[in-house]
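Beneath this line is the structure, given in structure tokens, with notes to follow.
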Amino acid sequence: MPSSAKPLRSALFVPATRPERFEKALAAGADAVIIDLEDAVERTAKTQARDHVREFARNAAPASFLLRVNDASTPWFEDDLALCADCDAIAGIMLPKTESAAQVSRVAAVGKPVVPIIESARGVLALAEIAGAGGIQRLSFGYLDLMLDTATTPDTAGARLLLDHIRCQILLHSAANALAAPLDGVYPNFADGEGLAQLAAQVRDMGFGGMLCIHPKQVGVIHAVFQPAEQEVSWARRVLEQAEATASSAFQLDGQMVDAPVIERARRILSLVGEQ
């Protein structure tokens, strides 16, 4: 059975070089904030960015944000992990370009939940061992980097075919290892709310729990899509009421058969609105 970790619909990135934005990001309404030491930080600014995080963490609430560290092949990786070990405000560690269980184990040794980002061909081919490593909360998908690695042309039918194939693998390995529902990658055009909503609906229906985002205006769009419709919520309530009233895991409702998997789906729907 998948992890019962708190639903995570949106995770908002904020650059570690912009400490004046940290509080604003936390107040933007996202389910999680990710302070980014990797792509958003120039090579010459890594140490300063790490100092910004350390200073902010001194007065931040415990487990108040995630930190995306630099990947395991970089010279900044170990210093980033040392920072994570020192800061109670860091709730978990996002590991970019994850390509092996050994990398996950090194991060997990810090003692915080790990969110591997699958964004290379090597990472995709190692999904079985990565997803089975200890200390993982959920997987996430970095498809922009993946397309660079595979020389895939963005916004084409070919790209959609490849990315959906990988999404399916991420979902299957997540479920097989009882991980929380994975996060899909960022939608880069933050001015295109309609396109974001369409992609969010697709990955929601596939089984993803949420999406990474790069701008506060994306949060509301994502939440609206991942929020169960009132019709679904009403149906789920009636399923559980009938299950309790009949003390049975097999019955009919609205002319359809309800059994244990359907009851569990109803529970999951209500958990998304805080009723389970």
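If you read the sequence from its start, that first residue is 1, and numbering goes on from there.
At most 12 non-hydrogen atoms from other residues, nucleotides or ligands lie less than 6.0 angstrom from CD of E194. Heavy atoms of other residues, nucleotides or ligands lying less than 6.0 angstrom from CG of D205 number more than 12. Within a 6.0 Å sphere centred on CD of E230, heavy atoms belonging to other residues, nucleotides or ligands number more than 12. Within a 6.0 Å radius of CZ in R238, other residues, nucleotides and ligands contribute more than 12 heavy atoms. Heavy-atom contacts from other residues, nucleotides or ligands closer than 6.0 Å to CZ of R237 number more than 12. Heavy atoms of other residues, nucleotides or ligands lying less than 6.0 angstrom from CZ of F251 number more than 12.
Checking E99 against S120 by side-chain atom types alone, a donor-acceptor pair falls below 3.5 Å. For the residue pair D71/Q103, the side-chain donor-acceptor check at 3.5 Å is not satisfied. For H223 and S10, the side-chain atoms include at least one donor-acceptor pair closer than 3.5 Å. A donor and an acceptor atom, one from each side chain of H173 and Q169, are nowhere located under 3.5 Å apart.
The shortest non-hydrogen separation linking L81 to I93 is CD2-CD1, 4.5 Å. When every heavy atom of A91 is checked against every heavy atom of P113, the shortest pair comes out as O-CD, 3.2 Å. In this structure, V221 and G193 approach most closely via the heavy-atom pair CG1-O, 3.8 Å. Here the closest heavy-atom approach between residue L12 and residue P216 is recorded as CD1-N, 3.9 Å. For the pair G207 and A181, the tightest heavy-atom approach, listed with the atom from each and the gap, is O-CB, 3.8 Å. Of all heavy-atom pairs between S249 and I263, the closest is CA-CD1, 3.7 Å.
Note: S105 OG to I130 CD1 = 10.5 Å, rounded to the nearest 0.5 Å. Here the straight-line distance linking atom NZ of K97 with atom OG1 of T74 works out to 9.5 Å at 0.5 Å rounding. With values rounded to the nearest 0.5 angstrom, C87 atom SG is found 4.5 Å from L83 atom CG. Between the CZ atom of R43 and the NZ atom of K46 there is a distance of 8.0 Å, given to the nearest 0.5 Å. Note: E78 CD to N70 CG = 12.0 Å, rounded to the nearest 0.5 Å. In this structure, the separation between OG1 on T98 and CD on E129 is 11.0 Å, given to the nearest 0.5 Å.
Under the 4.5 Å side-chain criterion, counting only non-hydrogen atoms from C-beta, V115 is not in contact with L139. Counting heavy atoms from C-beta on, the side chains of Q137 and L179 never come closer than 4.5 Å. Residues W235 and I269 are in side-chain contact: their nearest non-hydrogen atoms beyond the backbone lie under 4.5 Å apart. Residues E119 and D149 fail the side-chain proximity criterion, which asks for heavy atoms closer than 4.5 Å. The shortest side-chain heavy-atom distance between V186 and M211 does not fall under the 4.5 Å cut-off. Put simply, the side chain of F65 does not reach to within 4.5 Å of the side chain of I34, judged on heavy atoms. When side chains are defined from C-beta on, V53 counts as touching L37, because their heavy atoms get closer than 4.5 Å. No side-chain heavy atom of W76 sits under 4.5 Å from any side-chain heavy atom of E38.
Under the 3.5 Å distance criterion, the side-chain polar atoms of S64 are left unmatched by any main-chain donor or acceptor of A60. D31 contributes a side-chain N or O that, together with a main-chain N or O of R9, makes up a donor-acceptor pair within less than 3.5 Å. Judged by distance alone, the side chain of N189 and the main-chain N or O of A191 form a donor-acceptor pair under 3.5 Å. S234 places no side-chain N or O within 3.5 Å of a backbone atom of Q231 that could act as its donor or acceptor partner. A side-chain donor-acceptor contact under 3.5 Å links Q218 to the backbone of I214.
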What's the verdict on side chain to side chain contact (heavy atoms under 4.5 Å, CB included) for L148 and L144, showing C-alpha distance, side-chain angles and the deciding distance?
CA-CA 7 Å; L148 284 176; L144 298 179; over 6 Å; no
Please assess F208 against L171 for the test side chain to side chain contact (heavy atoms under 4.5 Å, CB included), listing each intermediate value before the final yes or no.
CA-CA 7 Å; F208 278 75; L171 284 162; 3.6 Å; yes
Step by step, would you call F226 with L272 a side chain to side chain contact (heavy atoms under 4.5 Å, CB included)?
CA-CA 9 Å; F226 279 88; L272 293 175; over 6 Å; no
Show your working on side chain to side chain contact (heavy atoms under 4.5 Å, CB included) between F56 and I35 and close with a plain yes or no.
CA-CA 11 Å; F56 178 71; I35 298 181; 4.2 Å; yes
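With sequence neighbours excluded, the residues that form a side chain to side chain donor-acceptor pair (under 3.5 Å) with D36 are R68. Residues forming a side chain to side chain donor-acceptor pair (under 3.5 Å) with D51 (at least two apart in sequence, or on another chain): R54.
Cluster membership check: I136 shares its hydrophobic cluster with V124, using side-chain heavy-atom separations under 4.5 Å among Ile, Leu, Val, Met, Phe, Trp and Tyr. There is a path of hydrophobic side-chain contacts, each under 4.5 Å, that joins M94 to Y187. V203 and V219 fall into different hydrophobic clusters, where Ile, Leu, Val, Met, Phe, Trp and Tyr residues are linked whenever their side-chain heavy atoms come under 4.5 Å apart, directly or through other members. Cluster annotation: I117 is not connected to L172 through the hydrophobic network of ILVMFWY side chains, with a link wherever side-chain heavy atoms come within less than 4.5 Å. When the side chains of ILVMFWY residues are joined at heavy-atom separations under 4.5 Å, either directly or via intervening members, L95 and V33 end up in a single hydrophobic cluster.
Remark: E232 does not engage R268 in a salt bridge, criterion side-chain N to carboxylate O under 4.0 Å.
The side chain to side chain contact (heavy atoms under 4.5 Å, CB included) test with Y143 is passed by exactly one of D184, L162, T152: D184.
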